[in-house]
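Numbers restart at 1 for each chain; the letters A, B, ... are given by sequence-line order, proteins then strands. These numbers come from the heavy atoms of this one structure, side chains and all, not from hydrogens, waters or symmetry mates. Note that this is a predicted model, so its numbers are computed, not measured.
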Protein chains: 2
Amino acid sequence: MEKEITIYDIARELSISPTTVSRGLNNHPAVNKSTKQKIFDAAAQMGYRSNAFASNLRKKRTNTIGVIVPLLNSNFQSSVMAGMEKVANEAGYNLIISQSLENAQKEIANARTMFESRVDGLLVSVAYDTENIDHFEPFFSKGIPLLFYDRVPEHKQCTSIVINNIQAAHKATTHLLEQGCQRIIHISGNHRINVYKDRLKGYKYALMDHNIASREDYIIETDLSEKAGEEAVQKILEMDPRPDGIFVANDNCAVSCIKALKQAGIAIPDDIAVVGFNNDPITRIIEPNLTSVNYPGYEMGEVAVRSLINYLDGVSDVSITNTITLNSELVVRESSQKKEKAKARLA
Amino acid sequence: MEKEITIYDIARELSISPTTVSRGLNNHPAVNKSTKQKIFDAAAQMGYRSNAFASNLRKKRTNTIGVIVPLLNSNFQSSVMAGMEKVANEAGYNLIISQSLENAQKEIANARTMFESRVDGLLVSVAYDTENIDHFEPFFSKGIPLLFYDRVPEHKQCTSIVINNIQAAHKATTHLLEQGCQRIIHISGNHRINVYKDRLKGYKYALMDHNIASREDYIIETDLSEKAGEEAVQKILEMDPRPDGIFVANDNCAVSCIKALKQAGIAIPDDIAVVGFNNDPITRIIEPNLTSVNYPGYEMGEVAVRSLINYLDGVSDVSITNTITLNSELVVRESSQKKEKAKARLA
DNA sequence: TTATTAATTGCAACCGATTGCAGAAACTTT
DNA sequence: AAAGTTTCTGCAATCGGTTGCAATTAATAA
């Protein structure tokens, strides 16, 4: 383990001061061009690498962005990560990632770690059972920019990046209505979470706009797991009259519904049309292909980091922008397109 | 932005030296128990948070593990990340993640960044077109533990964590043979990459063990994308006699093959049986469900970080362990189980 | 030629925690 | 009671850059 080269070594080598070396390496304008060149050459030749700690210690900045995510291994979240990483890397930031495993307690611990690690900013998508955001208080009070995405808490006026879940769900439901569906079930996630609450709202509004009363027994709150899909289908099959459309709050669960429905001999979309949410790759694998709301995870990740960096650079002010809403559109596939005959029969 | 509390503040408050405060906070044995208690109390009460940079600067350790991954948004890789994060977090390490986007140039840049960030150790799964590992030389020469997983380079004696791809592919191919397949295609990835090279080997060995000569035209090298699957199917359908089994080196591509084959009116598995690799969730969505090799990504991530930390703690020695091989088994599903009739006909 | 101004460079303090070594205090042992 | 131990504390240097301010030199204006 050879010793590390420092700016002092370079300074000695070139018979100049460490100050100038430091400035030179940072491309400070007040350093002579030829001196700079000499410094760079010497640094390269001597195998110098900057010590980020010394630098951070002095500058009180880490060039590190923290991310707290419920679960890394989902298609949506890993797309988000990918987008975040790309932008962060391009801007010279490192990403420290941790997962809450959908557990508020773990999220609190993660927040603490991020705080101790002195991330310059934090991006969070809250856990399933997170009830308040007191654990982010230190960030607020220290003025560390904190930005929520996708799963955002409600009560505080925190900056967040979301899609318009209400609108998207409205579109999805309206689409089902236009296909002739009259008894539409909504399989939803935990209503405490904004995204599911909003999707539920969108569903209700769409029904309302078509003068259809929403029924409590048509709204099934689940954890959106595969198993939940199967169980929901059980319930649905027992209903009389039988529902003719299902709007599921995520694709995973929607796919499991389709599988269960097919198993029960139900024709999709003609007996029951199904619409999912997220536009995961599985939508194009299940048969029939699943109609879904495109959720631009990669873009969301890019935007999240970009916004955060803007705050950090003082380009924009955290207190001004409060919500960034990304576009999302309905991608219509076979699972919801009733044949004309079926439509007619229903109509 | 209130000022940060430092050990000096605590020292002043308690009228003791910063040295003792530092030792106290680190639970140094040479500090009186009651003094320690006072220190902890004061720290908590004053809202002290340790400055990792000052500490790192002095200790030359970052408690950070770097990960370079080809693409974050794949089911396999995000499972690996999840496993890594879990273990790292439990052990008090942070994870800095960056992706090479399957590009050697970017991988080189990432490696440099990781080096500059002074990660304590590095975990790498190499990019698609990485040809050598010279860019990791700094890690070797500085004695920073470097551990490859999944996509591991060959020529050097670097520590790596893999599954036995040869054996797994052998099992998969043998399974097809046992189902009565006689003309088995192998759709492979880039042969320069160990995993694909080994899967090809396993395929060849299995044929050999059944006294079947492997044919060059039955081996299709692709990038394993969806598109590649479709193109491969085109080729396969033009072959005469028609192949009756396909072993694909990943699930994504296998699924796209199945879709294309079905579109062409081929019955799966009876006309052509298909086996994939990875055991992604999509194996259970495509119809017929895809037989695949279970690739324990989450476990691989856990093992990778655990091993790395063992090296860091000096528990084990990098130079001793060279390869850790995880178990993987074939998960047989419908896509490869020929009906007895079909089997008989073929036999 | 002298006064100004601009361009460079360096001094020295600082960021906050860690640690080898020495010293003080308390306790044991002859 | 003197000497030897053990237990605790603190001094001061160190890790490697960064930065306000002053100083030196070169360039330009008067």
Side-chain angles (χ1 to χ4, degrees), chain A residues 1-40 42-44 46-64 92 115-120 142, chain B residues 1-40 42-44 46-64 92 115-120 142:
Chain A
M1 180 109 83
E2 66 233 68
K3 66 182 182 315
E4 290 283 344
I5 304 295
T6 72
I7 55 170
Y8 297 94
D9 299 318
I10 298 178
R12 201 176 320 110
E13 183 73 18
L14 299 177
S15 305
I16 56 179
S17 79
T19 304
T20 304
V21 175
S22 171
R23 293 210 177 98
L25 291 171
N26 287 308
N27 230 335
H28 190 106
V31 174
N32 186 286
K33 236 183 151 187
S34 72
T35 312
K36 250 183 222 172
Q37 194 52 55
K38 266 188 250 163
I39 295 173
F40 279 125
M46 298 169 74
Y48 166 81
R49 62 169 176 165
S50 159
N51 185 323
F53 303 115
S55 172
N56 289 337
L57 175 57
R58 191 62 224 260
K59 292 199 296 189
K60 297 170 180 292
R61 215 171 189 262
T62 65
N63 264 90
T64 295
F115 190 67
E116 301 271 326
S117 303
R118 313 224 173 180
V119 294
D120 289 337
K142 269 237 157 30
Chain B
M1 179 111 83
E2 66 232 72
K3 67 183 182 313
E4 290 284 344
I5 303 296
T6 71
I7 54 170
Y8 297 94
D9 299 318
I10 298 178
R12 200 175 320 111
E13 183 72 19
L14 299 177
S15 305
I16 55 180
S17 79
T19 304
T20 303
V21 175
S22 171
R23 292 208 179 99
L25 290 171
N26 288 306
N27 229 335
H28 190 107
V31 174
N32 187 288
K33 234 182 152 186
S34 72
T35 311
K36 250 184 226 175
Q37 195 53 54
K38 266 187 251 162
I39 294 173
F40 280 124
M46 298 170 73
Y48 167 81
R49 63 170 175 165
S50 161
N51 185 324
F53 303 115
S55 173
N56 289 336
L57 174 59
R58 194 62 225 260
K59 291 198 295 190
K60 297 169 182 293
R61 217 174 187 260
T62 65
N63 263 89
T64 294
F115 190 67
E116 302 270 325
S117 303
R118 315 226 171 178
V119 293
D120 288 338
K142 270 240 156 29

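Annotation: side-chain hydrogen bond (donor to acceptor under 3.5 Å, both in side chains) contacts of A/N63 (sequence neighbours excluded): none. Looking at residues two or more places apart in sequence or on another chain, you find a ring-ring contact (aromatic ring centres under 6.0 Å, His included) between A/F115 and A/F139. Considering only residues two or more places apart in sequence or on other chains, A/T19 meets the side-chain hydrogen bond (donor to acceptor under 3.5 Å, both in side chains) condition with none of them. The side-chain hydrogen bond (donor to acceptor under 3.5 Å, both in side chains) search around B/T62 returns B/D120, not counting sequence neighbours. Remark: A/T35 pairs with no residue by the side-chain hydrogen bond (donor to acceptor under 3.5 Å, both in side chains) rule, at least two apart or across chains.
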Practice item. Could you run through nucleotides 13-20 of chain D and give me one letter per nucleotide, 5' to 3': B if any protein heavy atom sits under 4.0 Å from the base, S if only the sugar-phosphate is that close, - if neither? Key: BBBBBBBB

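Contacts classified as salt bridge (charged side-chain N to carboxylate O under 4.0 Å, His left out) and involving residues 12-37 of chain B (residues at least two apart or in different chains) are given here: B/D9-B/R12. Judged as a side chain to side chain donor-acceptor pair (under 3.5 Å), the pairs with a partner in residues 49-59 of chain B (not counting sequence neighbours) are, in order, B/E4-B/R49.
Here the CZ atom belonging to A/R118 is positioned 12.5 Å from the OG1 atom belonging to A/T64, to the nearest 0.5 angstrom. A/K38 contributes atom NZ, which lies 7.0 Å from atom CG of A/L14 (distance to the nearest 0.5 angstrom).
Heavy atoms only, all atoms of each residue included: A/I39 and A/G24 are closest at CD1-CA, 4.0 Å. Counting all heavy atoms, side chain and backbone alike, B/A11 lies closest to B/S17 at CB-C, 3.8 Å.
Side-chain atoms of A/T6 come within 3.5 Å of backbone N or O of A/Y8 as a donor-acceptor pair.
For DNA chain C, the outermost nucleotides in 5' to 3' order that have an atom under 4.0 Å from a heavy atom of chain A are C/dT8 to C/dG16.
Note on the helix from C/dT1-D/dA30 to C/dT30-D/dA1: angle between the axes of the first and last five pairs equals 40°, rounded to 10 degrees.
Residues of residues 28-36 of chain A having a heavy atom closer than 4.0 Å to DNA chain C, listed by number: A/A30, A/V31, A/N32, A/T35.
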